Amino acid sequence: MKRINILDNQTAQLIAAGEIAENPASVVKELMENSIDAGARRITVEINGGGIKLIKVSDDGHGIYREDVINAFARHGTSKLTNSTDINRISSLGFRGEALASICAVSKVELLTRSREETLGTHICVKAGEYSEIHDAGCPYGTVVSVRDLFYNIPARMKFLKSEIAEGNKIAALVDKLALSHPEVFFKLVRDNKQILCTPGDGKISSTIYSVYGKEFFDGIVPVDYEFNGIKLEGYISKPEKCRHVSRSMQNFFVNGRMVKCKLAITSLEEAFKNSIMVGKKPCCVIYLKIPYELVDVNVHPSKIEIKFSNEEDISEIIYSGVKRAIDKYNLKTFPLGETENSYLSDLNSNKILSLDKKLNSFNDNYLNNEVENIKNLVCCEPNTFQLDSKYNSCTKDFYESIKSKTKKHKHLEKYKNAEVEVIEQSNISINFNLKEIKLIGEAFRCYLILQYKEKIILIDKHAAHERIIFEKIQNQSYKHNSQIILNPLIIVLDKNEYSAVTENLDLFYKAGYEILDVESGKIKVKSMPMYEEIENLENSVIEIANYLMENRQNAKPQKLEWLYHNIACKGAIKAGKETSKDEILHLVKNLLDNPNLKYCPHGRPIYLEFSKKFIERQFKRI
Ligand code: ADP
Ligand code: MG
């Protein structure tokens, strides 16, 4: 049997280095993070040969005192922690004191540094752990670290490197992300003597995104801004129609200035987009979270890119709700199905107008700025083109007339601070829809409705459309409207885990239309169920929901509730393959026109396709 040896220092260093200096990009990351931690405002990265030949990072940070230079290269040499209690509240990017030690174990390192208090700079070279003499050097304050011939002494690692181009690309992608992580720092990347990135360092997220990802990306994003339980979220997300196919490479999350890989954040982001994009597409984002340091554990992985939150539910909630709000706000401004007047009108028929009215009653400046765009959209419609219940006609009409005339003259919207608008019940508005303009041509494959509408042929997936309409209804209506009482309450027997999942979430069930009593261990009694649910399916539905809740405990409440709504909507919707009456079809179409921002079913499939007359004529070579 083999005996146990203690490894010599150099071998131990090489093993430890493997975790941190995994490839050239990981070395660049460590050096740039050191510069950021040193409070640098300008950081320049130069690489040659994919970073294998040279990585040089220069900064104007606080530098290193001459007496500390040797300690900086020592294992566990750090200025960022002094004792073990500091680990509970880490505010710097680095803290392990391992990066420089690891890098100089696997390359030839040269350091030039000067602190602001010193008049002369310090120069030192380290090769495979051996130090040269320390020399004086004339240099500006700050630090320059040059790393040459990476992995020259570990051929095994060399073999695993990709081509210089591929390694260079990895570095470029990494520098992009680090540049995004700190908009207040000016970053420059020079690759094989060519400058390929330069950010303004003006502290603005928008201008940093513009310089990193370019105009086209920039044109496809909208801001997010949200605060919850002491956590702040800001940044940008892609517009639903600008989401990418498959790749998540443009999903950027930063927590307290640290770029992180975080499954929880990705899930919450994608859940928020779920009803607005097609399945398979991935949203892009540049999201910054500011969280009290003591609620984040950054010491879970050597690369410090994975982190743990002590308040996972809050994080999930803030991302989900912040993103969802931004999408809703954006959707409100876009009018798909034909960009017609009817589409504009539909906003009036939804409760958006109610919330707007309510808000107008308690106007404040902040709100005003945010809603200026919405009001502009609303005033685009002619009050005369829709009929209101006579009781409400005049007040509502006056209200729109007044906003219309004032906004047209570009007067400041503060004028409406005192606008008195009666809050009207949604059920009291009835819009006289011009269904005559819609010609129902038929139904294909018992699945797709074919309509002629203005200069377009529209194909509607009847199941997807109905599902989405129900989904919206149950989401926006109260329990009273969503639920039906069961004459003979149903007793369901559940296994232990299902039982606790149900009883822990009675409030969620209630919001979705199920009134459930916790009878005794293992048994529940269902007194009411959703309007769209069939009694025969009730038991299965409850068990299915219980299983979902068991498997997705970490999801935020709104996210769980949304899943429940999807589930109910899917079951309640008319089925493809089944016959649908003409009345039902017309009802569906009207509902769809009422809600023009519904583009996808809750699973992300499109609800309808449009073909313009021009397009068809072109196919027939008429034009
Ligand atoms: P850590 O960042 O975990 O402290 P490193 O090995 O990366 O460990 O760096 C060791 C120490 O060297 C740092 O704590 C810091 O004091 C100093 N240092 C490294 N790079 C720089 C830099 N660019 N500017 C100023 N100080 C630096
Ligand atoms: Mg470091």
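For reference, positions follow the sequence shown, starting with 1. Atom set for the values below is all heavy atoms of this structure, side chains included, hydrogens, waters and symmetry mates excluded. In each ligand, atom 1 is the first atom listed, and ligand 1 is the first ligand listed. This one's a predicted model, so the numbers in the text were calculated from it and none came from an experiment.
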For the Mg ion (ligand 2), does an N/O/S atom of Asn34 lie at less than 2.8 Å?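 So Asn34 does bind the Mg ion (ligand 2) by this criterion.
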Specify the protein heavy atom at minimum distance from [atom]: its residue, its atom name, and the distance to 0.1 Å.
atom                    : result
atom 12 (O) of ligand 1 : Ala72 CB, 3.5 Å
atom 19 (C) of ligand 1 : Asn34 ND2, 3.5 Å
atom 6 (O) of ligand 1  : Leu100 N, 2.9 Å
atom 8 (O) of ligand 1  : Gly97 CA, 3.2 Å
atom 11 (C) of ligand 1 : Gly77 O, 3.9 Å
atom 22 (C) of ligand 1 : Thr143 OG1, 3.8 Å
atom 15 (C) of ligand 1 : Ser79 OG, 3.5 Å

Close N or O approach ([X], ligand 1; < 3.5 Å):
X      : value
His62  : no
Ala101 : no
Gly94  : no

For Val175 and Leu178, run side-chain contact (heavy atoms from CB on, under 4.5 Å): C-alpha distance rounded to whole Å, both residues' side-chain angles, the deciding distance at 0.1 Å, then the answer. CA-CA 5 Å; Val175 177; Leu178 282 170; 5.7 Å; no
For atom 23 (N) of ligand 1, which candidate among Asp60, Asp59, Ile20 provides the closest heavy atom?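 It is Asp59 whose heavy atom sits nearest to atom 23 (N) of ligand 1.
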Proximity winner for atom 17 (C) of ligand 1, if only heavy atoms of Ile64, Thr78, Asp68, Leu93 are counted: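 Of the listed residues, Ile64 has the closest heavy atom.
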Glu30 near ligand 1, heavy-atom distance under 4.0 Å?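 Not so, Glu30 does not reach ligand 1.
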Between ligand 1 and Gly61, can you find any atom pair, the residue atom being a heavy atom, that is separated by under 4.0 Å?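 No.
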Spell out, as yes or no, whether a donor-acceptor pair under 3.5 Å connects the side chain of [X] to the backbone of [Y].
X      : Y      : result
Ser107 : Leu150 : no
Ser268 : Leu264 : yes
Lys560 : Arg553 : yes

What atoms in ligand 1 come closer than 4.0 Å to a heavy atom of [X]?
X     : answer
Arg96 : 3 (O)
Ala38 : 24 (N), 25 (C)
Lys80 : 1 (P), 2 (O), 4 (O), 13 (C), 14 (O)
Glu98 : 6 (O), 8 (O)

Polar side chain donor-acceptor pair, [X] to [Y], under 3.5 angstrom:
X      : Y      : answer
Asn252 : Tyr213 : yes
Tyr226 : Glu317 : no
Ser316 : Glu313 : no
Asn34  : Lys80  : yes
Arg191 : Asn48  : no

CD/Glu294: more than 12 non-hydrogen atoms of other groups inside 6.0 Å: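 Counting other residues, nucleotides and ligands, CD of Glu294 exceeds 12 neighbours.
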Please work out which of the three classes, parallel, tilted or perpendicular, describes the rings of Tyr236 and Phe218, given edges at 30° and 60°.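 If you compare the ring of Phe218 with that of Tyr236, the planes turn out tilted.
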Between Tyr288 and Leu180, is a side-chain contact (heavy atoms from CB on, under 4.5 Å) present by the stated rule, with each step listed? CA-CA 10 Å; Tyr288 302 82; Leu180 287 171; 4.2 Å; yes
